[in-house]
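Notes for the one structure printed next.
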Amino acid sequence: MNVPTILVIEDNVDDAALIVEGLSRAIPRQHIEVCANGGMALDSLRNRAAQAAPDTPELPLFALLDLGLPGLDGLEVLRAIRAEPALRLLPVTVLSASDRVEDIRAAARLGANSFVRKPGEGQQLVETLGQLARYWLELNIPPPCCGGQ
């Protein structure tokens, strides 16, 4: 059985470091996987699903997904996740600098579980991610595929 993880899909190295810092307030850093683009993230998720029993894939507890990714953008990654039966129950929070209604609506239509705007200041981002991690890890009851019972 894989160790429960959080998947961070973020191309900006500085933002990724702040996100990991915030998440590490709730989960050890070695349980946080960072992918710099959508293709890497989908490969990682598909590999996890392929290595597990078909009815119980060992997916991350949740994924944080940036919209402005190189190659496959965040919405395309979300669409791909929701299209694959082994991945579709993975909780996905869009974490974006955008607060455009069109982006929020598109993410919701594609099945994002949550949309969180990245705060502009680094320490505020760390605090926000700590709170977000505590919600997903302590309050939310995950689907059985994603670290649940």
Side-chain angles (χ1 to χ4, degrees), residues 1-24 26-119 125-126 128-137 140-149:
M1 181 164 138
N2 292 331
V3 175
T5 59
I6 298 170
L7 178 62
V8 176
I9 310 165
E10 171 62 64
D11 64 315
N12 182 297
V13 176
D14 294 331
D15 282 355
L18 290 170
I19 291 166
V20 169
E21 182 180 340
L23 294 175
S24 67
I27 190 170
R29 287 178 191 258
Q30 65 266 27
H31 297 254
I32 303 168
E33 178 183 358
V34 178
C35 291
N37 64 56
M40 288 174 53
L42 290 172
D43 287 346
S44 174
L45 290 169
R46 289 172 179 144
N47 287 338
R48 284 171 168 265
Q51 293 174 8
D55 58 342
T56 58
E58 292 292 332
L59 298 178
L61 293 169
F62 68 97
L64 290 173
L65 175 62
D66 183 33
L67 290 183
L69 298 170
L72 292 175
D73 71 25
L75 294 176
E76 293 169 315
V77 172
L78 183 56
R79 183 178 290 112
I81 289 170
R82 295 300 183 237
E84 294 191 33
L87 305 179
R88 74 170 42 126
L89 292 180
L90 173 67
V92 177
T93 294
V94 172
L95 181 65
S96 177
S98 172
D99 61 0
R100 293 183 34 207
V101 171
E102 298 84 6
D103 290 337
I104 297 166
R105 186 174 290 130
R109 284 185 177 141
L110 290 171
N113 298 84
S114 180
F115 193 107
V116 175
R117 187 170 188 283
K118 285 181 193 172
L125 178 59
V126 170
T128 297
L129 269 292
Q131 292 171 2
L132 187 64
R134 283 189 292 281
Y135 165 76
W136 283 111
L137 298 171
N140 184 62
I141 300 171
C145 72
C146 310
Q149 304 302 330

Answer yes or no: is there a side-chain heavy-atom contact under 4.5 Å between Leu64 and Leu129? yes

Minimal heavy-atom distance between Leu69 and Leu65, with the atoms involved, is CD1-CD1, 3.8 Å

Taking side chain as C-beta onward, heavy atoms only, is Leu75 less than 4.5 Å from Val94? no

Out of curiosity, Ile32 CD1 to Leu23 CG, how far, rounded to the nearest 0.5 Å? 4.5 Å

Side chains of Pro91 and Asn113: closer than 4.5 Å at any heavy-atom pair? yes

Determine whether Asp66 and Leu95 make a side-chain contact, defined as any pair of heavy atoms from C-beta on separated by less than 4.5 Å. no

Non-hydrogen atoms of Val77 and Gly38 that approach each other most closely: CG2-CA, 3.4 Å

Cut-off 3.5 Å, side chains only: do Thr93 and Trp136 have a donor facing an acceptor? yes

Salt bridge or not between Glu84 and Arg79? Use side-chain N to carboxylate O under 4.0 Å. no

Of Asp15, Asn12, Asp99, the one forming a side-chain hydrogen bond (donor to acceptor under 3.5 Å, both in side chains) with Lys118 is Asp15

Do the non-hydrogen side-chain atoms of Glu10 and Cys35 ever get within less than 4.5 Å of each other? no

The reported gap from CG in Asn37 to CG in Asp43 (rounded to nearest 0.5 angstrom) is 8.5 Å

Looking only at heavy atoms, which two atoms of Val116 and Ser114 are closest? And how far apart? CG2-OG, 3.9 Å

Could you pull out the closest heavy-atom pair between Arg88 and Ala83, with the gap in Å? NH2-O, 3.5 Å

Using modelled atom types and a 3.5 Å cut-off, is there a donor and acceptor pairing between side-chain atoms of Arg105 and backbone atoms of Val101? no

Atom of Ala80, atom of Leu42 and distance for their closest heavy-atom approach: CB-CD1, 3.8 Å

Donor-acceptor pair, distance only, cut-off 3.5 Å: does the side chain of Ser96 make one with the backbone of Ser98? yes

Looking at Asp73, is its backbone amide N or carbonyl O close enough to the side chain of Glu76 to form a donor-acceptor pair, meaning the two atoms are under 3.5 Å apart? yes

Ile9 vs Leu7 side-chain heavy atoms within contact, under 4.5 Å: yes

CD1 of Ile19 to OG1 of Thr128, rounded to nearest 0.5 Å, is 10.5 Å

When rounded to the nearest 0.5 angstrom, what is the spacing between CG in Leu90 and CZ in Arg82? 6.5 Å

With the side chain counted from C-beta on, respond yes when Phe62 and Thr5 share a heavy-atom pair under 4.5 Å apart, and no when they do not. no

Quick one: does any side-chain atom of Arg109 pair with a main-chain N or O of Ile104 as donor and acceptor, under 3.5 Å? no

Do Ser44 and Met40 touch side chain to side chain, with heavy atoms closer than 4.5 Å? no

Could you tell me whether the side chain of Arg29 and the main chain of Ser24 form a donor-acceptor pair under 3.5 Å? no

Go through the steps to decide whether Arg48 and Leu87 satisfy the test side chain to side chain contact (heavy atoms under 4.5 Å, CB included), and finish with yes or no. CA-CA 10 Å; Arg48 284 171 168 265; Leu87 305 179; over 6 Å; no

